[in-house]
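Here's the structure, in structure tokens; my notes come after.
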Amino acid sequence: MTSQAIVTVEAYLDAFGARDMEHILSLFSPDATWTIPGDPALTAWAGSRTGPEGIRQSLSALFAAVEPLAFELGTMVEADGRVLAPGRYTSRFHPSGQALNSEMIMRFTVTDGLIMDYRVFEDSLGITRAHLGEQSSATPT
């Protein structure tokens with residue numbers, strides 16, 4: 001049987017894929033925290049936010065700058081309302097036009113069917129470089 005926390009995360013991922021801002025926000029508690037690693041001065045969607053308006057600001061900047069090309073979700077695991085969702089994605093960043101293929105893991109804390117905390121662990125340096133159009137010395141994954 002699928003846990004309520006995983007059902008909530010699946011609903012978030014579906015809404016995120018559709019870029020349905022209002023549905024996304026409806027899945028977060030009013031005082032939820034949202035954290036994407038990176039420097040918000042370089043990638044406007046990065047940093048920590050609290051509440052629906054902060055999350056909206058981050059998502060609006062992300063949706064404006066990032067074009068999803070591919071997304072693959074691994075097996076989610078849940079323990080005590082904390083869901084780990086590993087995955088892999090390819091995105092094109094604007095205005096540079098560069099694409100990045102990367103792995104990530106999302107961590108959600110869900111209480112009473114609402115997301116209380118969202119945190120993503122990903123290659124923030126690679127994202128910043130792709131967004132800004134800088135060449136990376138790393139071998140692409």
Side-chain angles (χ1 to χ4, degrees), residues 2-141:
T2 303
S3 75
Q4 176 59 48
I6 288 181
V7 169
T8 299
V9 171
E10 288 172 337
Y12 164 81
L13 293 170
D14 288 345
F16 186 87
R19 294 188 172 208
D20 183 343
M21 182 76 75
E22 297 313 311
H23 190 195
I24 292 168
L25 295 175
S26 75
L27 297 167
F28 284 83
S29 75
D31 58 344
T33 54
W34 168 275
T35 305
I36 297 177
D39 182 346
L42 300 174
T43 50
W45 60 90
S48 294
R49 308 287 200 302
T50 302
E53 276 315 302
I55 295 169
R56 181 187 302 275
Q57 290 170 353
S58 180
L59 284 169
S60 293
L62 178 71
F63 291 165
V66 180
E67 174 189 353
L69 301 175
F71 179 76
E72 179 183 328
L73 183 65
T75 301
M76 289 189 277
V77 295
E78 185 265 339
D80 298 325
R82 189 165 276 181
V83 177
L84 298 177
R88 180 170 202 79
Y89 64 88
T90 303
S91 296
R92 183 172 319 284
F93 294 83
H94 302 288
S96 76
Q98 286 189 8
L100 176 72
N101 180 18
S102 185
E103 292 183 52
M104 54 82 193
I105 189 163
M106 297 170 282
R107 186 186 76 197
F108 300 84
T109 303
V110 179
T111 303
D112 297 327
L114 293 175
I115 300 167
M116 302 295 295
D117 182 67
Y118 168 83
R119 209 170 278 266
V120 65
F121 302 90
E122 59 188 347
D123 180 4
S124 58
L125 179 58
I127 289 168
T128 299
R129 286 181 171 161
H131 176 65
L132 297 176
E134 297 176 1
Q135 295 301 314
S136 172
S137 60
T139 304
T141 56

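Computed from a predicted structure; not experimentally measured.
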| Sub-3.5 Å donor-acceptor pair from the side chain of Thr43 to the main-chain atoms of Thr128, do we have one? | no
| Where is the tightest heavy-atom contact between Ser124 and Pro37, given as atom of each residue plus distance? | CB-O, 3.7 Å
| said: In the structure I gave you, are the side-chain heavy atoms of Ser91 and Leu100 within less than 4.5 Å of one another anywhere? | reply: no
| Under 4.5 Å between any side-chain heavy atoms of Thr50 and Trp34, yes or no? | no
| remark: Of all heavy-atom pairs linking Leu132 and Leu42, the shortest is CD2-O, 4.0 Å
| task | With the side chain counted from C-beta on, respond yes when Glu122 and Ile36 share a heavy-atom pair under 4.5 Å apart, and no when they do not. | result | yes
| query | Looking only at heavy atoms, what is the nearest atom pair of Asn101 and Tyr89, with distance? | reply | OD1-O, 3.1 Å
| said: Phe93: which residues meet the ring pair (Phe, Tyr, Trp, His ring centres under 6.0 Å) condition with it, sequence neighbours left out? | reply: none
| Just how far is it from atom CD of Glu10 to atom CZ of Phe108, taken to the nearest 0.5 Å? | 10.5 Å
| request: Using the side chain to side chain contact (heavy atoms under 4.5 Å, CB included) rule, pick out the option among Ile115, Thr8, Thr33, Val110 that qualifies with Phe28. | output: Ile115
| Is there side-chain contact between Asp31 and Met116, with at least one heavy-atom pair below 4.5 Å? | yes
| Rounded to the nearest 0.5 Å, what separation is found between the OH atom of Tyr12 and the CG atom of Asp20? | 12.0 Å
Below 3.5 Å, can you tabulate the donor-acceptor pairs from side chains in residues 59-77 to any protein atom, sequence neighbours excluded?
residue: Ser60; atom: OG; partner: Arg56; partner atom: O; Å: 2.9
residue: Glu67; atom: OE1; partner: His94; partner atom: NE2; Å: 3.4

| Got a second to check how far Met104's CE is from Asp123's CG, nearest 0.5 Å? | 13.0 Å
| Is the shortest heavy-atom distance from the side chain of Met106 to the side chain of Val9 under 4.5 Å? | no
| message | Between Asp117 and Arg82 (salt bridge meaning N to carboxylate O under 4.0 Å), is one present in this structure? | response | no
| said: Using side-chain heavy atoms (C-beta onward) and a distance below 4.5 Å, is Ile105 in contact with Leu84? | reply: yes
| query | ring-ring contact (aromatic ring centres under 6.0 Å, His included): which pairs involve residues 36-57, sequence neighbours left out? | reply | Trp45-His131
| task | Identify the two heavy atoms, one from Glu134 and one from Gln98, that lie closest to each other, and give their separation to 0.1 Å. | result | O-OE1, 3.4 Å
| query | Given Glu22 and Ser26, is the side-chain hydrogen bond (donor to acceptor under 3.5 Å, both in side chains) satisfied, shown in steps? | reply | CA-CA 6 Å; Glu22 297 313 311; Ser26 75; over 6 Å; no
